[in-house]
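Okay, structure first, notes after.
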Protein chains: 2
Amino acid sequence: MNQSGMRGKSRLHPTDPPSLAERIRLEMESFTPSEKRAAHLLLSHYPFAGLDTVAEFASRAGISAPSVLRFVTRLGFGGFPDFQKHLREELEAQLLSPLAKSGPSDKGQGAPALASFAEAVIGNLKATVENIAPAEFEAVVALLSDPRRHIHFTGGRFTGALARYAESHFRIVRSHVDFIEGQPALWRDRMIEISRKDVIVAFDIRRYQEDVTALCEAASKQGATVVLLTDPWLSPIARVARHVLPAHIVAPSNWDSSAGLLLLTEALVAAVTKRLWETAKPRMEAVERLRGERS
Amino acid sequence: MNQSGMRGKSRLHPTDPPSLAERIRLEMESFTPSEKRAAHLLLSHYPFAGLDTVAEFASRAGISAPSVLRFVTRLGFGGFPDFQKHLREELEAQLLSPLAKSGPSDKGQGAPALASFAEAVIGNLKATVENIAPAEFEAVVALLSDPRRHIHFTGGRFTGALARYAESHFRIVRSHVDFIEGQPALWRDRMIEISRKDVIVAFDIRRYQEDVTALCEAASKQGATVVLLTDPWLSPIARVARHVLPAHIVAPSNWDSSAGLLLLTEALVAAVTKRLWETAKPRMEAVERLRGERS
DNA sequence: CAGGTTTTGAAATTTCTGATACAGCTTTTC
DNA sequence: GAAAAGCTGTATCAGAAATTTCAAAACCTG
């Protein structure tokens, strides 16, 4: 009857994913008539039917509330809330399983892998563009085009490279541009120079990095304006950020894709370069000249 | 910014499918501090965090129950159950459609700069994928998946950031991975360690940088295998490269776009991670663990 | 077809959740 | 720097939800 051992939430072994639906299907035979009605309702709208109230569920299944309770008890749950919690967790685990799979199932052929990956990335880019508030983008462009402001770029473990990419471009387009390492030890003393005139452009996506957040919070406290490029779930930096540009990052990979962030970065570079063209042009030419001389 | 008219549940215009998450993101600015905490919790575990009880939600967000209630009221819901019902319906609708992406929100207007730039970038990605020989891609994946080889990433002024991006991922997936600065002074002495077992992955596009070329030529002379990610006009490094992956880079900007290179990089990371999964997984988990301990 | 067993639902009960009033605190404004 | 406005948490309450009780109904079984 009751296998009292599986109470609570703590069943997240990756080796233990027999969906509840599957179990119900197997045990279907042994159910009483009204239990079968409950089971069928649940399976036909799995798992959402189970997320309603007992009364609602009972009514939709055409049975009484106690029958529903007996049904979930029979499945081994301590009660209806316990049952719902299980459904939610199962749904969540299934919906956003970043790793947990990728077994040696299908051997990847090169071209399809690349093509499908590209397709996903392109989807991300489209979604990213559609979800950016034009005013927000424009505001950031204006901010970064203000020659009186100092611009600092920073980022996390992976996104730091994007910050560097941005910095290496903006450094040529305009002055007062630099890159700040994420580690607190490396910026603690530079923080005294950060003031109301400064702009921090932070890159931070999933597995948000605490040191980057700390940097932005410190800078914000000093009155600096924070611009954040992040994922749709928003880094905690968003709390102190004046402008937020979210990019979609989910790709068929064990890693997130930063292509959307790069797109935004390059679009910002292009827009700011255009806006500051009068001053940017001679700077770019100067850089070009210096390159030539060096070699 | 009053949305006084949208009380209650009846906002289901078919032309109006902006996920609640989207709306929260837009209104984030106008939230009070504790509302922001609620918003962040919800977005970071969207939408599951909202399916719990008020008390649970409040506790997880670090705020009080009434603040949570005020939050959902502010979003225009009649109460917490109403709010949950909306989340469930949204989730169900989203889950039932295979991939509810590319929302036909509003196209055309918006930031024309951003949109047209994105269009160009997307075009680049498609062209890039089409012009990559599958065998070439596969060969590179195989090369980078060979645990006996040492992998060195390098790049130029701008593309160096991409090389770093690649390095920071591969470093986790496998061992014997590093980054080499482009300046000759910085690699001259390291060159003695480069041998037949080594792989150099170089990023180099237009305005090809001589020091990177020099590095690759030196490495090649020592017997190392050179992989090149470049533009369609091929960096001079191509002469010594064993494998070449060209990406389209032209964008409506004064600068070239590196999105194609990033796409290839991420696709390589994904493919190699998959191929080395047995050894990569424990490495990724170890990194994850270390991150957790640090904080 | 009676006796016993199982299944079921109405109603009573209990538990817990969502909602509200109010007071303390913080921030803003003049 | 004081007053006002806004935010937030504690305490409390009302009500709904889950659960239990219990007797009627259905179903076997011999």
Side-chain angles (χ1 to χ4, degrees), chain A residues 1-2 4 7-9 24 27-42 47-88 196 217 220-223 238-240 242, chain B residues 1-2 4 7-9 24 27-42 47-88:
Chain A
M1 309 226 172
N2 79 6
S4 52
R7 278 194 51 103
K9 59 174 104 168
I24 292 175
E27 296 182 33
M28 183 67 82
E29 301 303 321
S30 61
F31 289 154
T32 72
S34 58
E35 281 171 348
K36 278 183 185 170
R37 305 186 73 160
H40 276 121
L41 173 64
L42 179 58
F48 301 98
L51 296 178
D52 256 304
T53 67
V54 170
E56 182 73 16
F57 187 89
S59 153
R60 288 223 283 160
I63 59 179
S64 71
S67 293
V68 175
L69 271 301
R70 282 186 285 263
F71 173 63
V72 302
T73 302
R74 195 184 190 302
L75 290 174
F77 296 100
F80 199 74
D82 198 8
F83 165 72
Q84 288 190 319
K85 188 167 195 171
H86 175 93
L87 288 180
R88 283 202 309 267
R196 220 163 288 106
E217 282 173 348
S220 169
K221 203 161 283 176
Q222 306 250 14
R239 281 202 293 256
V240 299
R242 185 108 165 69
Chain B
M1 195 147 296
N2 78 16
S4 51
R7 278 198 51 101
K9 59 177 88 168
I24 291 175
E27 295 183 32
M28 183 68 79
E29 303 295 331
S30 60
F31 288 156
T32 72
S34 60
E35 281 173 346
K36 279 186 184 168
R37 305 188 73 156
H40 274 118
L41 173 64
L42 179 58
F48 302 97
L51 296 179
D52 255 304
T53 66
V54 169
E56 180 75 15
F57 187 90
S59 152
R60 287 222 284 160
I63 58 179
S64 70
S67 292
V68 175
L69 272 300
R70 281 187 284 263
F71 174 64
V72 302
T73 301
R74 195 186 188 303
L75 289 174
F77 296 100
F80 200 76
D82 196 9
F83 165 71
Q84 288 189 320
K85 184 168 190 174
H86 176 92
L87 288 181
R88 282 203 310 268

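The model shown is predicted, which means the values in this text are computed figures rather than measured ones.
For the pair A/Arg37 CZ and C/dT7 C1', the interatomic distance rounds to 14 Å; values are reported in whole Å. For the pair B/Phe83 CZ and C/dA19 P, the computed distance is 11 Å after rounding to whole Å. Taking atom CG of A/Asp82 as the reference point, atom C1' of C/dT15 lies 16 Å away to the nearest angstrom. Regarding B/Phe77, its CZ atom lies at a distance of 15 Å from the P atom of C/dG18, rounded to whole Å. Here the P atom of nucleotide D/dT19 and the CZ atom of A/Phe57 are 13 Å apart, to the nearest Å. Atom pair A/Leu69:CG and C/dG9:C1' shows a separation of 12 Å (rounding to whole Å applied). Rounding to whole angstrom units, CZ of residue A/Phe31 and C1' of C/dT6 are separated by 17 Å. Rounding to whole angstrom units, CD of residue B/Gln84 and C1' of C/dT17 are separated by 10 Å.
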Tabulate below the donor-acceptor pairs under 3.5 Å that side-chain atoms of residues 50-58 of chain A make, not counting sequence neighbours, or state none.
residue : atom : partner : partner atom : Å
A/Asp52 : OD1  : B/Arg88 : NH2          : 3.0
A/Thr53 : OG1  : A/Glu56 : N            : 3.1

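With sequence neighbours excluded, no residue satisfies side-chain contact (heavy atoms from CB on, under 4.5 Å) with B/Pro33. Scanning for side-chain contact (heavy atoms from CB on, under 4.5 Å) contacts around B/Thr32 gives B/Ser34, B/Glu35, with sequence neighbours left out.
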For nucleotides 26-28 of chain C, print each protein N/O atom paired with a nucleotide N/O atom at under 3.5 Å, atom names and distance only.
none

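Residues A/Pro47 and A/His86 fail the side-chain proximity criterion, which asks for heavy atoms closer than 4.5 Å. Side-chain contact between B/Phe77 and B/Leu87: absent, with no pair of heavy atoms (C-beta onward) separated by less than 4.5 Å. Taking the side chain as every heavy atom from C-beta outward, A/Phe83 and A/Leu69 never approach each other to under 4.5 Å.
When every heavy atom of A/Ala61 is checked against every heavy atom of A/Ala38, the shortest pair comes out as CB-CA, 4.3 Å. Between B/Ser67 and B/Ile63, the closest heavy-atom pair is CB-CD1, 4.0 Å. Taking each heavy atom of A/Ala39 and A/Met28 in turn, the nearest pair found is CB-CE, 3.7 Å. Between A/Arg239 and B/Lys36, the shortest heavy-atom contact is O-NZ, 3.7 Å.
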Report summary line: Heavy-atom contacts, protein to nucleotides 7-17 of chain D, under 4.0 Å, summarised as B (base), S (sugar-phosphate only) or - (none) per nt, yield SBBB-------
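Between its two ends, the helix from C/dC1-D/dG30 to C/dC30-D/dG1 turns its axis by 30°, counting five pairs per end and rounding to 10 degrees.
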